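We count ligands from 1, going down the list as the structure has it; atoms in each ligand are counted the same way. Residue numbers start at 1 and run along the sequence shown. Since the model is a prediction, treat every value here as computed from it, not as a measurement.
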Amino acid sequence: MEIRRIAELLRTGQPGEAVTVRGWVRTKRELKEFAFAEVNDGSGMANLQVVINADLADSDTILRQLNTGASVEVTGEVVESPAKGQRIELKATTVRVYGEADPQSYVLQKKRHSFEFLRTIAHLRSRTNTYGAVFRVRNACAAAVHQFFQERGFLWVHTPIITASDCEGAGELFSVTSLDLNALPLNEAKAVDFSQDFFGKRAFLTVSGQLEAEIMALAFGSVYTFGPTFRAENSNTSRHLAEFWMIEPEMAFCDLDGNMDLAEAFLKHIFKSVLENCAEDMEFFNKRIDNSVLETADNIINNEFERITYTEAIAQLEKSDRKFEYPVSWGLDLQSEHERYLAEELFKKPVIVTDYPAEIKAFYMRQNDDGKTVRAMDVLAPKVGEIIGGSQREERLDVLENRIKASGIDAEELWWYLDLRRYGTVPHAGFGLGFERVVQFMTGMGNIRDVIPFPRAPQTIDF
Ligand code: 4AD
Ligand code: MG
């Protein structure tokens with residue numbers, strides 16, 4: 001018997017077809033002559049209604065076992081559904097219960113739980129409507145990312161997760177070591193002797209694959225990374241994770257304008273693709289989570305992003321009559337409240353802010369002739385704030401060397417990065433898109449911990 005996925009069956013199944021489905025029971029309703037079980041296999045939002053007649057062999061045992069959460073295989077005949085809201089249902093001929101779920105102890109019963117509670121049962125929450133929709137949308141976003149770059153001839157490169165360098169220079173690194181933490185070897189200066197560690201020097205989990213992506217871009221032209229990144233910043237917010245996924249395109253022979261164009265086309269493509277492929281899930285979010293997500297998606301796809309310089313942004317913020325917690329002045333690192341004011345209230349669409357003060361940005365960004373600002377760009381989105389951070393890179397050896405020195409970074413550690421400027425350097429640019437932030441933006445989910453299956457955040461790691 002052909003095993004069918006429920007989403008596809010609901011779309012294309014015809015009365016008279018004999019089919020088998022496998023999934024988990026969402027609810028059961030028992031009447032005198034027959035019972036209904038709603039079965040979901042994760043393929044879509046809608047459940048398949050299974051009808052079990054009282055005269056089915058072993059129906060008493062089956063119905064006793066068929067509680068919410070039980071895993072089942074149902075074979076039967078597709079019939080037209082007399083009920084409203086569904087075209088077809090499945091009349092069971094055999095039902096096999098693989099694993100029961102005790103209604104006394106299985107927590108995912110009809111009652112709606114809060115997201116906070118569901119976060120404490122990350123091993124079960126994917127079986128709920130909301131998380132089902134979130135992770136299908138997440139998957140569709142990931143597919144759209146690859147499609148976008150592959151169609152444009154970008155090479156997907158795999159940059160290391162364990163690294164010896166701090167790309168962002170922010171010191172938010174998790175250490176990787178195989179030393180015995182209870183018996184650390186010390187050197188003459190009574191500091192930990194990392195020469196005895198696994199790699200013979202200090203190692204960390206990467207905060208970004210950018211520096212390695214630059215290496216690859218200077219060989220392949222256009223590349224992108226898509227992998228996990230780690231930050232030990234103690235930010236207990238609804239927008240920060242300690243482990244998150246980032247997409248980082250990097251393009252040789254490209255300046256900041258080209259970078260902005262790519263970022264805008266990229267976001268538009270992801271939104272369009274998800275609307276096409278996850279229409280039902282997106283409608284669910286619009287109805288149940290945030291009634292502006294469809295309008296927002298439409299806005300992203302059909303309007304040009306605003307582009308302003310940091311200096312202009314500061315002027316706009318100073319002009320506003322809004323009282324900000326962090327007072328606004330030139331040189332300030334934009335805070336979430338400022339970013340959201342610009343995107344949500346002033347322009348009501350994504351805003352690309354460029355040319356930030358060098359002081360508040362990483363060492364690798366290309367310096368402007370004014371001596372004060374760098375060719376940085378942040379894409380700010382309504383509700384989530386910064387969703388993309390990027391820049392044109394400093395491709396001039398002498399300027400980069402000076403900048404590294406001024407930032408207090410040990411140039412010897414970056415000898416290979418400097419080599420890229422010694423041999424065949426070109427203007428190049430790239431950016432990083434926070435994958436969870438885009439899923440959050442898309443779905444309207446308020447907390448970033450609800451758009452990654454197993455969130456890691458300060459004091460938060462269950463298994
Ligand atoms: O702005 P960031 O720090 O930029 C970089 O890492 C560059 N090396 C990227 C590049 O040019 N190749 O991070 C990029 C994006 C942010 O805009 C944000 O969306 C996301 O990564 N991000 C986080 N997402 C979740 N949790 C965190 N703690 C995040 N930190 C950054
Ligand atoms: Mg940033």
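Ring-plane geometry between F154 and F149 is classed as tilted, the angle between the planes lying from 30 to 60 degrees on a 0 to 90 degree scale. Aromatic ring pairs are classed by plane angle as parallel below 30°, tilted from 30° to 60° and perpendicular above 60°; the pair F431 and F266 is tilted. The aromatic rings of F363 and Y417 sit perpendicular, their planes meeting at an angle over 60°, well past the 30° parallel limit.
Of the heavy atoms in E168, only side-chain atoms (C-beta onward) come closer than 4.0 Å to ligand 1. When heavy-atom distances to ligand 1 are checked against a 4.0 Å cut-off, F244 comes that close only through its side chain, counted from C-beta outward. Contacts of F230 with ligand 1, taken as heavy-atom pairs under 4.0 Å, are absent altogether. In V379, neither the side chain nor the backbone holds a heavy atom less than 4.0 Å from any atom of ligand 1. Only the side chain of M246 comes within contact range of ligand 1, with a heavy atom under 4.0 Å; no backbone atom does.
Look at R375 and E394 and you find no salt bridge, because none of the NZ, NE, NH1 or NH2 atoms lies under 4.0 Å from a carboxylate O. Electrostatic pairing of E401 and R421 does not count as a salt bridge here, judged by no charged N lying under 4.0 Å from a carboxylate O. One finds no salt bridge joining K383 and E344 here, because no Lys/Arg side-chain nitrogen approaches an Asp/Glu carboxylate oxygen to under 4.0 Å. For R4 and E8, the salt-bridge test passes: some basic side-chain N is under 4.0 Å from an acidic carboxylate O. Electrostatic pairing of R437 and E386 does not count as a salt bridge here, judged by no charged N lying under 4.0 Å from a carboxylate O. By the 4.0 Å N-to-carboxylate-O rule, D197 lies too far from R202 to be salt-bridged with it. Between E264 and K268 a salt bridge is recorded (basic side-chain N to carboxylate O distance below 4.0 Å). The pair E250-R393 meets the salt-bridge criterion, since a charged nitrogen lies less than 4.0 angstrom from a carboxylate oxygen.
Between I387 and ligand 1, at least one N/O pair is under 3.5 Å apart. In terms of N/O distances under 3.5 Å, ligand 1 is approached by E233. Checked by distance only, ligand 1 and G390 stay at 3.5 Å or farther apart across all their nitrogen or oxygen atoms.
Looking at R231, E248, Q210, it is R231 that brings a heavy atom closest to atom 6 (O) of ligand 1. Comparing E386, M377, R456 by heavy-atom distance to atom 17 (O) of ligand 1, the nearest is E386.
Within the structure, the closest approach of E250 to ligand 1 does not fall below 4.0 Å when heavy atoms are considered. Taking a 4.0 Å cut-off on heavy atoms, R393 registers as neighbouring ligand 1. At least one heavy atom of Y364 sits closer than 4.0 Å to an atom of ligand 1. Contact analysis puts R437 in contact with ligand 1, with a non-hydrogen atom separation below 4.0 angstrom.
From the protein, the heavy atom lying nearest to atom 26 (N) of ligand 1 is L241 N, 2.9 Å. With hydrogens left out, the protein atom closest to atom 20 (C) of ligand 1 is G434 CA, 3.6 Å, a heavy atom. Considering only non-hydrogen protein atoms, atom 15 (C) of ligand 1 sits nearest to G432 O, 3.6 Å.
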For this session: Would you check, one step at a time, whether the test salt bridge (Lys or Arg N to Asp or Glu O under 4.0 Å) holds for R307 with D261?
Result: CA-CA 11 Å; R307 299 182 184 194; D261 291 344; 2.9 Å; yes
So E345 and R340, salt bridge (Lys or Arg N to Asp or Glu O under 4.0 Å) or not? Walk me through it.
CA-CA 7 Å; E345 292 176 45; R340 291 184 56 169; over 6 Å; no
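Every atom of ligand 1 is numbered from 1 in the order shown, and the set under 4.0 Å from a heavy atom of S208 is 6 (O), 8 (N). Close approach of ligand 1 to R239 (heavy-atom distance below 4.0 Å) involves ligand atoms 25 (C), 26 (N). Residue G389 approaches ligand 1 through these ligand atoms, each under 4.0 Å from one of its heavy atoms: 1 (O), 9 (C), 10 (C), 11 (O), 17 (O). Heavy-atom proximity to I388, at under 4.0 Å, picks out these atoms of ligand 1: 17 (O).
Of the N and O atoms on the side chains of E248 and S208, at least one donor lies less than 3.5 Å from an acceptor on the other residue.
Using a 4.5 Å heavy-atom threshold, the side chains of F135 and V451 count as separate.
For the Mg ion (ligand 2), the nearby protein N/O/S atoms, meaning those under 2.8 Å, are E386 OE2.
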Pairs of donor and acceptor atoms involving the side chains of residues 456-463, under 3.5 Å and at least two apart or interchain, shall be tabulated with distances.
| residue | atom | partner | partner atom | Å |
| --- | --- | --- | --- | --- |
| R456 | NH2 | F463 | O | 2.6 |
| T460 | OG1 | P458 | O | 3.1 |

